Amino acid sequence: MPFTSLGLSPDLARAAAELGFSTPTPVQAQAIPVILRGADLLACAQTGSGKTGAFGLPLLQKLQQGAQHTPRRVRALVLVPTRELAAQVGEVLRSLGSALPQRLKIAVVFGGVSINPQMMSLRGGADIVVATPGRLLDLLEQNALKLSAVDTLVLDEADRLLDLGFSEELNRVLALLPAGRQNLFFSATFPPEVQALAGTLLRDPVRVEVEATAANEPAIVQRVIAVDAIKRTELLRHLLKQHESDWSRVLVFVATKYAAEHVAWKLHKNGIFATPFHGDLSQGARTKVLAEFKNGQWDVVVTTDLAARGIDIAQLPVVINYDLPRSAVDYVHRIGRTGRAGEPGLAVSFVSAGSEAHMRLIEKRQGLSLPREVIEGFEPAEAAVPESPGGGGVKGKRPSKKDKLRAAAKSS
DNA sequence: AAAAAAC
């Protein structure tokens with residue numbers, strides 16, 4: 001089925017093909033007609049399934065009409081939760097839009113870089129603004145743009161933008177948007193409580209939920225390795241050496257900025273081309289690391305959840321959870337950095353005595369049960385499993401309710 | 001002992 005049969009112009013269909021979208025993915029096939037007819041949408045589809053194209057293509061087509069109007073007004077606002085994602089989404093929209101006979105102006109704004117060029121780029125208006133919330137509010141306070149003519153709002157990684165950390169900023173932006181706008185919410189994950197909140201913002205929404213099937217599911221092989229927490233860096237080094245030829249690029253997730261620095265430094269000291277990536281780096285350094293990782297100048301990037309969502313790195317065969325993510329939702333986004341656009345992927349999670357219960361919860365949320373693998377030379381010590389006093393660290397033993405109560409009492 | 005997002 002071609003893109004044109006969904007109602008897209010031949011120009012856009014060609015632009016999509018040039019970006020590697022030859023035929024619509026399931027989420028694109030379902031979302032594009034809905035967006036073109038002007039309905040609100042809540043779309044939940046797996047990582048790497050082409051969500052940017054799913055909103056970008058119809059958005060560009062709709063904006064093409066009336067693009068010649070002067071003065072230009074911001075007609076579409078795309079909000080994203082990280083600066084890197086803003087840059088990436090802006091790039092995709094620009095590539096897709098370059099094929100249109102009527103050129104659209106796309107402004108990309110985010111923090112950490114000087115504001116003046118962004119103010120200049122908004123002078124005379126823009127058709128689409130792609131933004132992180134903080135910098136957008138800053139620009140609004142300085143009257144660098146108006147949102148009164150926005151007729152389409154896109155929330156990319158919508159569940160993230162709707163959660164507590166962003167709610168104040170998001171509400172301030174929403175208050176400035178016209179009431180009659182079209183709202184498009186996209187994410188790979190929509191926890192029920194976030195769906196309820198989204199429901200209060202959407203007007204009679206169409207829900208598109210692309211069920212994972214054998215045909216469209218990202219082919220991510222998930223593995224869990226049991227290891228003593230203290231031996232994780234050593235194990236990581238071992239695995240990297242062992243897979244020197246087949247792991248061309250590796251993204252390692254850790255829990256804190258400090259750990260990202262520390263682990264990357266340890267690897268680097270051992271002759272591995274590894275570098276940290278997190279929010280305490282300057283924006284210049286962040287942009288550089290990501291570009292160099294994509295170029296192949298770094299073999300390993302050790303990152304916080306800064307890189308967990310949305311970031312598209314082609315040919316990333318492996319993601320490693322050195323520390324487990326805080327939630328099952330974060331796990332889905334993290335491992336979704338690999339196995340994108342039909343490529344195979346491998347996600348390896350390190351589990352130690354203290355994180356075993358948490359890993360079980362993550363598996364349960366996904367309806368999975370993964371075997372615990374042990375790597376020779378890195379067998380966890382039996383004594384290091386205090387949570388299961390009866391079994392003494394027997395593989396696969398589920399902690400009893402009593403154990404959990406005991407653990408909860410200990411931690412409070 | 002969380003990360004991210006504006007200055």
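As the structure is a computational prediction, the values presented were derived from the model and not from experiment. Only this structure's heavy atoms are used, side chains among them; waters, hydrogens and symmetry mates stay out.
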Taking the side chain of A:His278 as heavy atoms from C-beta outward, which of B:dA4, B:dA5, B:dA3 is closest to it?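 Within the option list, the nearest is B:dA4.
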Could you work out which one of B:dA6, B:dA2, B:dA3 sits closest to the side chain of A:Arg326?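 Among B:dA6, B:dA2, B:dA3, the one nearest the side chain of A:Arg326 is B:dA2.
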A:Lys105 NZ to A:Arg75 CZ distance, which is reported to the nearest 0.5 Å: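 Between A:Lys105 NZ and A:Arg75 CZ, I get 13.0 Å after rounding to 0.5 Å.
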Looking at [X] and [Y], would you say the former's side chain and the latter's main chain have a donor-acceptor pair under 3.5 Å?
X: A:Arg94; Y: A:Ile106; value: yes
X: A:Thr256; Y: A:Ala259; value: yes
X: A:Arg337; Y: A:Ala308; value: yes

Using a heavy-atom cut-off of 4.0 Å across all strands, would you classify A:Tyr258 as base, sugar-phosphate, or nothing?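 Result for A:Tyr258 = nothing.
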Indicate, with a heavy-atom threshold strictly under 4.0 Å, whether A:Gly279 touches base, sugar-phosphate, or nothing.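 Sugar-phosphate contact only.
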Determine: side-chain N/O of [X] to OP1/OP2 of [N], distance under 4.0 Å, yes or no.
X: A:Thr304; N: B:dA4; answer: yes
X: A:Thr132; N: B:dA4; answer: no
X: A:Arg160; N: B:dA4; answer: no
X: A:Lys257; N: B:dA4; answer: yes

[X] [atom1] to [N] [atom2], straight-line distance once rounded to whole Å:
X: A:Leu140; N: B:dA5; atom1: CG; atom2: C1'; value: 15 Å
X: A:Arg309; N: B:dA2; atom1: CZ; atom2: P; value: 19 Å
X: A:Asn116; N: B:dA6; atom1: CG; atom2: C1'; value: 14 Å
X: A:Leu137; N: B:dA4; atom1: CG; atom2: P; value: 19 Å
X: A:Asp280; N: B:dA3; atom1: CG; atom2: C1'; value: 10 Å
X: A:Leu164; N: B:dA4; atom1: CG; atom2: C1'; value: 13 Å
X: A:His262; N: B:dA2; atom1: NE2; atom2: C1'; value: 18 Å
X: A:Asp330; N: B:dA4; atom1: CG; atom2: P; value: 12 Å

Take A:Gln283 and A:Thr287 through the test side chain to side chain donor-acceptor pair (under 3.5 Å) and record every step on the way to the result. CA-CA 6 Å; A:Gln283 189 52 41; A:Thr287 305; 3.3 Å; yes
